[in-house]
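Reviewing the structure listed below.
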Amino acid sequence: MGLVPECFITEIVERDLKEGRYAKLITRFPPEPNGYLHIGHARSILLNFGLAQDYGGECNLRFDDTNPETEKEEYARAIEEDVRWLGFRPTRVLYASDYFETMYQCALTLIREGKAYVDDLPEEEMSALRAQGKPSPYRNRSVEENLELFERMRRGEFPTGSRVLRAKIDPAHPNFKLRDPVLYRIVHAPHYHVGDRWVIYPMYDFAHPLEDFIEGVTHSLCTLEFENNRAIYDWVIENLKGKCGLPLSPRPHQYEFARLDLSHTVLSKRKLIKLVEGGYVSGWDDPRLPTLRALRRRGVRPEAILEFVRKTGISRNEAQIEIDLFEEVVRDDLNPIAPRVLGVVDPLKVVLTNYEGEEWLQAPYWPRDIPKEGTRPLPFSQELYIERADFSLNPPKGWKRLAPGQRVRLRHAYVLELEDVVEEGGEVKLLKARIVPGTLGANPEEGPKPKGVIHWVSARHALPVEFRLYNRLFLTKDPEEGGDFLKNLNPEALVVKRGFIEPSVAQDPKDTRYQLERLGYFWQDPVDSRPEALVMNRIVPLKEGYKA
RNA sequence: UGGGGUGUCGUCUAAGGGUAGGACAGCGGACUCUGGAUCCGCCGGUCGUGGUUCGAAUCCACGCACCCCAGCCA
């Protein structure tokens, strides 16, 4: 079983390899360094790197950096870091901008062959003519004039945006992408990677096929919106193969797959930026976000992200996946590796009337169904905290927790029986209760057996914790519902609670992921948590069996 | 409008002329010192209309719906 789920692309790859079309599979993950990676990118990453791994090929990380105005070194580094965090090691880390000279030579070749021309038309006029399917008045300049103009463009003799180099294909082609697409534009702006060496920059449609061809990419995988661009991709390669140092064959081929879309969140760069810059979240790594850095900070493991991508498959159907599936995969990933501990997120104090002193119980880290061993000392004493939600004065039918006249089991400890409720201003302030003697590891000898089990901590021993409870970012499946995605933001996407956790965690490695029994999976926030002031993120809640 | 795509349970995804299957969600049950996990069961689908065929999700025709393109972004 490979990393990549079987799909139309693995079929193509297998066919091409079997027929000897390529000696070795070469793919690439080609992000533009103008933003941070999010979970949607994970599909492309898994596809490209996974394919290389599955079929003994190579996969490069290549920055598609042909637009100096939007790209930054900082983004490139963050992207590389995220790719590695997911567990992939690029064969090489490459930059499209390193090929600018070759691309320039390719452009000259096209000009010499009468397949490209310099156009002086202002942007709006070009767009208007293109819409009408009419040729530019500059379309039939001589090769000599085109050559001279293009060289002068490179030398910086013309201002930004004043001229472009266009492919001479067909001004009236039904596919608008083929109506003499722009190959080069003038931009007087420094480039984060190659500095100020260039004032002309190639367009995606010209650069991308050349990048792939130069690197020997065999399968150029991209998302559906580039489908129309494939015609230019092929045009560029067919017209330049065997020239400018490019091989005759084999040549790369482009295949498109559907983007990964998730419900209850946003994956568009524009909206993500709005959330960050508008202060709706604390930054690009705010655990409410679907960015890889945010998921990492939240506590999601890369294994879970990859498994999620595998489970959703790769197809050409534009599909939005329900976030429940993602959460389920995260739980599945954590369940076998997260030791169980007790913590209380919303504390309600309980004073025992028939217990004094303290004792240290040995509590197993793992439930029966997980074949792991290990226990930790768990202090028990007269004053405890239980979860406020685990007590009810007027319990509904089916209530299995603490209530007047209803016993509960304290996890790993005694059976508890309510004696008195101290209220203040209509709010329950304190519970007085007694322990049923002889119920440590045994059922009560008389009276009813407890119906349920609740978690607790010893008040005197517990460590205070700031709990950050994360929920879905948006209230609606589709954040755009109603027209303004900001209006659908979930005000409870982050709920902060002051609670307690059992003292054993102080002994654990800081990056331990726990299951707080009956609450969910948690770990210490890698940014804000300190030993003397614990901050714990809820990675994902447990599946809630109880429906009120 | 032209061009390019996509339509299978609520949501993803298989089935490539031969019993429409799986996962997630939902519902019900078993088990349980986590209302977790696990196990069992149920619910539920081929965009429409014709055609070809012994047999169609699959092939053909005509529709319909949705997405993408008409940046000197990628």
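So that the names make sense, note that chain A is the first sequence line, chain B the second, and so on, each numbered from 1.
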### Message
Taking 4.0 Å as the cut-off, does a side-chain nitrogen or oxygen of A:R331 come that near to OP1 or OP2 on B:rC24?
### Response
no

**Touch class at under 4.0 angstrom, heavy-atom based, for A:E32 against every strand present** = sugar-phosphate

Note: contacts of residues 362-375 of chain A with RNA chain B (heavy atom, under 4.0 Å) are A:P367, A:D369

Which pairs, protein N/O on one side and nucleotides 20-22 of chain B N/O on the other, fall under 3.5 Å?
none

* To do: Describe the nucleic acid contact of A:D119 in one word from base, sugar-phosphate, nothing, applying a heavy-atom distance below 4.0 Å.
  => nothing

Exercise. Does A:E225 make a side-chain donor-acceptor contact with the base of B:rG4, cut-off 3.5 Å?
Worked result: no

_base_contact_polar (B:rU11 base, A:Q320 side chain, donor-acceptor, <3.5 Å)_ = no

Tell me whether the OP1 or OP2 atom of B:rA74 has a side-chain N or O from A:R185 closer than 4.0 Å. yes

Distance check: side-chain N/O of A:T312 vs OP1/OP2 of B:rC12, anything under 4.0 Å? no

| Nearest-Å distance once atom C1' is located in both B:rG22 and B:rU46 | 16 Å

Does A:N317 put a side-chain nitrogen or oxygen below 4.0 Å from OP1 or OP2 of B:rG7?
-> yes

B:rC60 versus B:rC69 - spacing of their C1' atoms, nearest Å: 29 Å

- Looking only at side-chain N and O atoms, does A:N34 come under 4.0 Å of OP1 or OP2 in B:rC73? no

The single option from A:Y233, A:F226, A:Y184 that satisfies ring-ring contact (aromatic ring centres under 6.0 Å, His included) with A:Y204 is A:F226

Using the P atoms only, state how far B:rG44 lies from B:rC39, rounded to an integer number of Å. 24 Å

Q.
With no hydrogens and no angle check, just 3.5 Å: does a side-chain donor-acceptor pair link A:E215 and A:Y99?
A. yes

Assign each of A:Y184 and A:I314 the nucleotide of RNA chain B bearing its closest heavy atom; nearer the 5' end lies the nucleotide of A:I314

Polar pair under 3.5 Å, donor/acceptor by atom type, side chain A:R401, base B:rG35:
yes

Considering only heavy side-chain atoms of A:M203, the closest of B:rG35, B:rC73, B:rG36 is B:rC73

Exercise. Hey, does A:A258 reach any base, or is it just sugar-phosphate, or nothing, if we go heavy atoms under 4.0 Å?
Worked result: nothing

- Under 3.5 Å, is there an N or O donor on one side and an acceptor on the other linking the side chain of A:E256 and the base of B:rG5? no

OP1 or OP2 of B:rA37 under 4.0 Å from side-chain N/O of A:K543: yes

Margin query: With a 3.5 Å cut-off and heavy atoms only, can you find an N or O donor on one side and an acceptor on the other between the side chain of A:R340 and the base of B:rU34?
Written below: yes

With a cut-off of less than 4.0 Å, is there a side-chain N or O of A:T66 near OP1 or OP2 of B:rA74?
yes

